[in-house]
Number of protein chains: 2
Amino acid sequence: MYKINENYLKLPGSYLFSNIGKKVTAYKAANPDKDVISLGIGDVTQPLAPAVIEALHSAVDEMADAATFHGYAPDLGYEFLRSAIRDNDYRERGVDIALDEIFISDGAKSDSGNIGDIFAVDNKIAVCDPVYPVYVDTNAMAGRTGDYIADEERWSNVIYMPCTKETNFAPELPKETPDIIYLCFPNNPTGSTITKDQLQEWVDYANKVGAVIIYDAAYEAYISEENVPHTIYECDGAKTCAIELRSFSKNAGFTGTRLGFTVIPKELKSNGVMLNSLWARRHGTKFNGAPYIIQRAGEAVYSEAGKAQTKQQVAYYMNNAKTIIEGLKSAGYTVSGGVNAPYVWLETPDGMSSWDFFDYLLTKANIVGTPGSGFGPSGEGYFRLTAFGTYENTLKAIDRIKAL
Amino acid sequence: MYKINENYLKLPGSYLFSNIGKKVTAYKAANPDKDVISLGIGDVTQPLAPAVIEALHSAVDEMADAATFHGYAPDLGYEFLRSAIRDNDYRERGVDIALDEIFISDGAKSDSGNIGDIFAVDNKIAVCDPVYPVYVDTNAMAGRTGDYIADEERWSNVIYMPCTKETNFAPELPKETPDIIYLCFPNNPTGSTITKDQLQEWVDYANKVGAVIIYDAAYEAYISEENVPHTIYECDGAKTCAIELRSFSKNAGFTGTRLGFTVIPKELKSNGVMLNSLWARRHGTKFNGAPYIIQRAGEAVYSEAGKAQTKQQVAYYMNNAKTIIEGLKSAGYTVSGGVNAPYVWLETPDGMSSWDFFDYLLTKANIVGTPGSGFGPSGEGYFRLTAFGTYENTLKAIDRIKAL
């Protein structure tokens with residue numbers, strides 16, 4: 001008699017954004033006349049850049065002709081894309097990453113879930129709290145997180161690193177030593193980030209205690225301040241302790257186009273075994289690459305036109321962030337984030353719970369946000385708004401909040 | 001100190017097709033003047049059908065306009081595609097599958113590797129021998145296959161079901177009861193298939209012993225004979241024991257375009273837990289959907305024009321298969337397959353080992369095929385040729401083999 005993976009049964013409720021989706025769908029069905037604005041899930045609204053569209057059309061035409069048709073992609077992804085990544089995301093920042101240290105994927109969500117495959121079950125993870133739920137949920141599925149303590153909304157075998165206003169929304173080195181540390185800067189959901197010196201402390205710590213850092217840099221394109229690292233490999237020693245995840249979702253609007261990559265330096269070893277080789281084996285065995293036409297679209301993001309156009313998109317969203325921050329502040333809210341990240345993190349008013357505030361905003365202002373507690377226990381009393389709406393909707397939403 | 005997944009270290013060598021690729025690359029580098037023809041990896045050569053190209057261009061244009069732009073896809077995939085699948089692949093064959101029993105993915109390779117996530121580690125798998133290596137390798141990565149016995153080229157904790165000429169290349173019900181049974185019909189690599197009555201026996205057996213069948217129907221479009229099932233759900237009781245994997249790679253040439261789907265009926269339960277729910281949870285947590293434009297391309301495969309055009313592609317490849325079979329037979333080879341599948345399975349001449357025959361064909365005729373032993377111990381002494389080349393190359397390759 002076959003047996004299921006019982007770890008799945010320990011998961012509380014469903015994935016956060018599925019839950020929100022169901023609540024919103026129900027509200028809309030009951031109130032078809034309401035104009036509901038979503039500043040919730042972090043999905044982009046601007047269309048793909050013209051350079052990307054052009055590359056897509058051109059690649060589609062290649063697929064129409066036997067002479068230029070592309071079948072299975074190389075295991076690690078096409079070299080034209082990996083070269084563009086190496087040159088633009090790393091070499092330009094003084095970081096030397098080799099082509100075979102870059103693995104093209106269908107997105108950072110897949111990678112951040114799948115990366116766990118190459119680690120033993122009995123590793124203890126440390127996560128920021130609040131945190132992107134995928135890190136914790138996928139480790140729970142793998143049996144790495146112990147039991148879920150419903151009362152406390154936390155797992156028994158996870159090291160939570162609180163990121164609240166008391167810590168300036170940055171994690172502190174944990175008292176208990178973790179094996180795997182998930183860091184995401186600029187941060188989802190708080191929108192905060194840390195300086196290069198602060199990140200260097202984490203790298204030094206990981207190397208000292210023998211931990212590996214899973215560094216999610218999906219929001220790197222939103223960094224506006226100096227001295228904020230764009231890649232963890234700007235820090236000395238990061239190659240012996242860190243895996244970096246990157247995405248095209250937010251810097252180029254690929255949420256529905258799907259492209260990302262993972263960097264695993266060959267210096268990263270456990271008892272002489274290169275994690276790069278393990279991931280290469282997983283990649284070659286369980287995945288058949290991102291579509292050729294999408295990899296060409298990714299390449300176009302790094303063209304001169306592509307860079308200029310996607311920079312404009314980022315600026316558009318960051319203007320929304322500014323609008324949200326200023327509007328909320330003038331309405332008396334306490335806010336953070338939104339400077340190096342497309343997320344604004346606010347304290348719920350009058351001690352409301354995060355979900356109560358979700359319901360309040362949805363029903364009174366027809367605005368969808370994300371309850372901070374959905375990202376972890378220390379997110380309780382906070383709420384996330386994203387800058388990924390249209391400017392018009394963002395303005396309208398802020399006006400409605402001011403009018404409440 | 002973090003620990004790696006030690007199961008990876010048990011894997012022998014690298015993935016079969018990576019190995020072949022390295023051998024071929026080395027041979028070409030040493031012999032740049034040789035015209036090497038690949039009838040090896042099973043990659044298609046015909047361009048995408050015009051209806052698919054048209055759908056891609058149209059979807060790309062949608063992505064260029066904020067009013068028609070698509071961000072994150074619905075968790076299970078777009079309904080337009082799931083409806084087309086339900087209607088064409090199932091309803092047309094008298095099988096009733098609900099929309100929320102269909103999960104769109106980036107391909108059957110990913111699905112056949114990832115499906116293991118929802119099962120406990122201590123399930124015993126049964127596989128055909130020879131078999132598509134991904135089933136075994138991904139279970140080895142999960143720790144389900146025991147130890148690798150190098151001398152015997154087999155895993156200690158896997159039930160191998162020999163498929164040789166003695167069994168007419170079909171598996172027989174195993175003596176030891178498995179928990180998870182992998183079946184692939186039409187078969188990769190042997191090109192054989194079984195009748196609906198034979199498949200019904202497997203369904204009855206699985207229901208009786210409490211096993212789950214992972215049914216890979218990636219080559220369904222190549223079925224030419226009556227009484228060969230196109231989906232396992234044509235069999236009575238399959239919904240309580242079977243998961244079906246499907247692909248767009250071979251029926252529509254999507255090897256580099258990436259699209260597939262998995263069907264998990266809600267009747268499939270373990271102690272009351274629906275496997276459908278577990279997979280939905282995995283899908284929503286570890287995956288962000290296939291690209292919108294690719295899902296539109298998949299929809300076009302089911303349009304009237306798309307169906308006619310992809311049918312022609314399949315006919316083109318099956319004409320290649322016929323050419324290979326007739327050529328090899330006239331050269332004195334013993335061959336099977338190639339009637340309901342794009343794979344021809346031949347016995348190596350003079351008792352040569354599969355890899356010796358690989359080297360022989362590569363160096364003497366500059367033809368790349370796949371050694372049968374790469375698919376499992378019972379594949380030793382066999383060799384796979386695919387019908388996915390161009391007609392011209394297929395003819396040329398057969399002429400070279402005849403001339404040996």
Side-chain angles (χ1 to χ4, degrees), chain A residues 1-6 8-9 11 14-15 18 41 43-48 53 56-57 60 63-66 69-73 75 106-107 109-110 113-114 117-120 122-123 134 137-138 141 179-180 210-212 255-258 270 273 278 281 284-288 291-292 294, chain B residues 1-6 8-9 11 14-15 18 41 43-48 53 56-57 60 63-66 69-73 75 106-107 109-110 113-114 117-120 122-123 134 137-138 141 179-180 210-212 255-258 270 273 278 281 284-288 291-292 294:
Chain A
M1 176 70 85
Y2 73 91
K3 293 169 280 295
I4 60 166
N5 178 350
E6 301 263 346
Y8 276 62
L9 306 183
L11 289 163
S14 64
Y15 181 61
S18 306
I41 192 171
D43 199 358
V44 298
T45 50
Q46 292 295 294
L48 295 180
I53 292 294
L56 283 167
H57 278 307
V60 169
M63 297 297 279
D65 182 342
F69 174 79
H70 284 75
Y72 290 120
D75 269 7
D106 66 322
K109 185 180 180 186
S110 305
N114 293 334
D117 281 16
I118 65 170
F119 295 103
D122 61 337
N123 283 295
V134 170
D137 287 359
T138 56
M141 289 169 169
D179 301 304
I180 302 173
V212 64
T255 52
T257 304
R258 313 304 316 140
S270 168
V273 178
L278 301 181
R281 188 65 195 254
T285 305
K286 286 192 168 183
F287 183 58
N288 247 331
Y292 171 72
I294 307 295
Chain B
M1 177 71 83
Y2 73 90
K3 292 169 280 295
I4 61 166
N5 178 350
E6 301 264 346
Y8 275 61
L9 305 183
L11 289 163
S14 65
Y15 181 60
S18 306
I41 192 171
D43 199 356
V44 298
T45 51
Q46 292 295 295
L48 295 180
I53 293 292
L56 283 167
H57 278 306
V60 169
M63 298 297 278
D65 182 341
F69 174 79
H70 283 76
Y72 290 121
D75 270 5
D106 66 324
K109 185 180 181 187
S110 305
N114 293 334
D117 281 17
I118 65 170
F119 295 103
D122 61 336
N123 283 294
V134 170
D137 288 0
T138 56
M141 289 170 168
D179 300 305
I180 301 174
V212 65
T255 52
T257 304
R258 313 304 315 142
S270 168
V273 178
L278 300 182
R281 189 64 194 258
T285 305
K286 285 192 170 184
F287 183 59
N288 246 332
Y292 171 72
I294 307 295

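Throughout, a chain's letter reflects where its sequence line sits, starting with A, and its residues are numbered from 1.
I53(A) and M63(B) make their closest contact through CD1-C, 3.9 Å (heavy atoms, listed as atom of the first residue, atom of the second, distance). Summarising the geometry of Y8(A) relative to L278(B), their closest heavy-atom pair is CE2-O, 3.4 Å, with the distance given to 0.1 Å. Shortest non-hydrogen contact noted between A66(B) and T45(A) is CB-O, 4.0 Å. Between V60(B) and H57(A), the shortest heavy-atom contact is CG1-NE2, 3.5 Å. In this structure, I4(A) and S270(B) approach most closely via the heavy-atom pair CG2-CB, 3.7 Å. Listed here is the closest heavy atom pair of M141(B) and K286(A): SD-CE, 4.4 Å.
Ranking I41(B), D122(B), L9(B) against chain A, the residue ahead of the rest is D122(B), based on heavy-atom pairs under 4.5 Å. Ranked by heavy-atom pairs under 4.5 Å with chain B, the first of L56(A), I118(A), T257(A) is I118(A). In terms of heavy-atom pairs under 4.5 Å with chain B, the best-connected choice from D117(A), V44(A), N114(A) is D117(A). For chain B, the option among G107(A), G71(A), G113(A) with the highest count of heavy-atom pairs below 4.5 Å is G71(A).
How far OG1 of T255(B) is from CZ of F69(A): 4.5 Å, rounded to the nearest 0.5 Å. Atom CG of residue N123(B) and atom OH of residue Y2(A) lie 9.5 Å apart, to the nearest 0.5 angstrom. With rounding to the nearest 0.5 Å, the separation of CD1 in I294(A) from CD1 in I294(B) is 5.0 Å. One finds the NE2 atom of H70(B) at 12.0 Å from the CG atom of L48(A) (value rounded to the nearest 0.5 Å).
Only the backbone of Q46(B) comes within contact range of chain A, with heavy atoms under 4.5 Å apart. If you measure heavy-atom distances from V212(B) to chain A, the contacts under 4.5 Å come from both the backbone and the side chain. Residue A211(B) touches chain A through its backbone alone, counting heavy-atom pairs closer than 4.5 Å. When heavy atoms are compared at a cutoff of 4.5 Å, F119(A) approaches chain B by way of both its backbone and its side chain. For D65(B), the part sitting under 4.5 Å from any heavy atom of chain A is the backbone (N, CA, C, O) and nothing else.
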- Take D106(B) and N288(A) through the test side-chain contact (heavy atoms from CB on, under 4.5 Å) and record every step on the way to the result. CA-CA 8 Å; D106(B) 66 324; N288(A) 247 331; over 6 Å; no
